[in-house]
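Quick one: the structure is below, questions incoming.
Source: prediction; values computed, not measured. In what follows, every chain begins at residue 1, and chains take the letters A, B, ... in the order their sequences are listed.
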Number of protein chains: 2
Amino acid sequence: MAGDGTIGKACDVLDQVAAFARPVRFAELLESSNFPKATLYRFLQTLTNQGMLSYDLDRQTYTPGLRLVRLAHAAWTQSSLAPIARPFLDALSRETGETVHLAQLDSNQVLYVDKRNAAQPIEMYSQAGKVGPAYCTGVGKAMMAFLDEAALNRAVSQQSYHRFTDKTLTSEAALRADLDLIRNRGYAVDDEEHEPGIICIACPILTSGGRMLGAISVTGSTERMNFDQLETWVPRVRRVAEQIGAEAQAWRFPETRPSADTDRMQAT
Amino acid sequence: MAGDGTIGKACDVLDQVAAFARPVRFAELLESSNFPKATLYRFLQTLTNQGMLSYDLDRQTYTPGLRLVRLAHAAWTQSSLAPIARPFLDALSRETGETVHLAQLDSNQVLYVDKRNAAQPIEMYSQAGKVGPAYCTGVGKAMMAFLDEAALNRAVSQQSYHRFTDKTLTSEAALRADLDLIRNRGYAVDDEEHEPGIICIACPILTSGGRMLGAISVTGSTERMNFDQLETWVPRVRRVAEQIGAEAQAWRFPETRPSADTDRMQAT
DNA sequence: AACACAGTTTCATTATTTGGAACTGAAAAA
DNA sequence: TTTTTCAGTTCCAAATAATGAAACTGTGTT
């Protein structure tokens, strides 16, 4: 994955800082990277200077910078399916009363780009941007199943196959078998493969040409329901996925995108 | 602002793509940048390759990439005041029933990092990441007023002073005068300077050492209230700002940050 | 068939990055 | 106090990567 000259290296550094998920010291980064001291130092300086990292002078620590938040807003608005999918997610969430996720694939990981939570309806951004494993989540498998062969091979080979529960698929072969099944029936299932007690169904979002754009899922808990009940929703979820796919295809390009930023700022 | 070697240029390109706020063609970028064709081309390739941009093969357009969303999640969680401020914003929003903003300064612009909206309580991430002008918003002025002299000079000189309404402060002198006032009384006011009908009060968030971290505001509309009513909330807002400042100072560094990622994923 | 034009590739030149090593300053150990 | 240690910082010749003018490609147009 690495290695586009200077820019690639700089991105690696960003990822590394982000990966710590807490403020990091120079020394810690030095250890976990394989850049020489001076090189890493200069990268950190430059990135900080650019606002891609932020440096706490007192504690001498780095964290990802706010400029990323600004840029991500644009990314979320333009590159993600979230603005298009929003009304559909709202509807689906209302109808099912369950947690609904919208995800896309990033570096063969699941990137959650939007969410509706049954219980606690706030909590949005804390989820958008979160990543998860692809091989043991409904959305992850739904997406992988509809990649073209080359991309699928890459994706499948890059999974970690960590055993989260005793139902987790822990081999490439098992995953491939499940993906074939998913491709045939058109939806994926997560039967407590990632977290005990959590089950879900997921449908891929595809263009009419068959290109995979993302996936949506409805999640439930085994305490409140079983699979048969959850699968009741499959036709509805599939239909929503189709609608999102169709809109995504149509939407792109009224030359100036109408108003992805939906609500008036009213800020101050 | 520009010019840290290759990395700086790459960041410029990212900003440029983001600035279009819609998918952009190569030619459009070429026109608005001053990079030579081949140079710009290679930057776009590399950034796309890294997931910092995404490229629509069909339409031949670039948009900011999803990797930014992933990185921003980390930035928001770690570098912003949002996780610390969350409960305070919730409370303030409940008590006042008005729109509440949390902002920080990024490139001398206001970056909204969190929000509670009176009317429509969802809508979070669409706001987090949005930027606004500093010289004509409550939070912007509250923050600028408490910058140290060097930073303040830079900030003041970089404002655009565009006249949004006939109450907008449109000169450096007028702004500086207002900032002095704000510094003395400890809070800022936006009297329809950005949008007609929208008024707000804002308090800076400071460390005990006086370093400015951000600001919070309560916004109202002239239809429903006047300034006297709104200013009733000043002591409360100031207190919340102080609490957030104190927590921010304390929080940073239980060596492994307890759990910035608050809620269980339950994803799939 | 000829043209126009957006997008892509090439390659010798130029400028930047690189990283070993030496330096600094503050804090811990003697 | 003096010495040691070590994280963080600076330096500079060598190595590498970025540069950009110009040539090319291929798609869609006159």
Handout entry: A:L102 vs A:R86 side-chain heavy atoms within contact, under 4.5 Å
Key = no
Practice task
May I have all residue pairs that pass salt bridge (charged side-chain N to carboxylate O under 4.0 Å, His left out) and include part of residues 33-45 of chain A, sequence neighbours excluded?
Solution key: none
Practice task
May I ask you to decide if the ring planes of B:Y55 and B:Y62 are parallel, tilted or perpendicular, using 30° and 60° as cut-offs?
Solution key: tilted
Problem - Spacing between B:R59 atom CZ and C:dA6 atom C1', to the nearest angstrom - result: 18 Å
Fill in the blank from the handout: Nt span of DNA chain D in reach of chain B heavy atoms at under 4.0 Å, 5' end first, is D:dA18 to D:dA21
Exercise for the section: Assign a letter to each nucleotide of nucleotides 18-26 of chain C from its 5' end: B, base within under 4.0 Å of a protein heavy atom; S, sugar-phosphate only; -, no contact. Expected result: BBB------
Practice task
Just jot down the ring pair (Phe, Tyr, Trp, His ring centres under 6.0 Å) partners of B:F35, sequence neighbours excluded, or say none.
Solution key: B:F43
Fill in the blank from the handout: Here the gap from B:D56 atom CG to B:T61 atom OG1, rounded to the nearest 0.5 Å, amounts to 4.5 Å
Handout entry: Angle between terminal axes - the helix from C:dA1-D:dT30 to C:dA30-D:dT1, 5 pairs each end, rounded to 10°
Key = 30°
Practice task
Report yes if a side-chain nitrogen or oxygen of B:Y41 is closer than 4.0 Å to either non-bridging phosphate oxygen (OP1 or OP2) of C:dT8; otherwise report no.
Solution key: yes
Practice task
Indicate yes or no for a side-chain donor-acceptor contact from B:Q159 to the backbone of B:N108 under 3.5 Å, with no hydrogens or angles considered.
Solution key: yes
Practice task
For the pair B:S79 (side chain) and A:P64 (backbone), establish whether a donor and an acceptor sit closer than 3.5 Å, ignoring hydrogens and angles.
Solution key: yes
Exercise for the section: Please name the pair of heavy atoms, one in B:F146 and one in B:G186, separated by the smallest distance, quoted to 0.1 Å. Expected result: CZ-CA, 4.4 Å
Problem - N-O pairing of B:D180 and B:R183 below 4.0 Å - result: yes
Problem - Residue whose closest nucleotide on DNA chain D lies nearer the 5' end, A:A27 versus A:I7 - result: A:A27
Practice task
Determine which pairs satisfy salt bridge (charged side-chain N to carboxylate O under 4.0 Å, His left out) with at least one residue from residues 148-160 of chain A, sequence neighbours left out, and list them in order.
Solution key: none
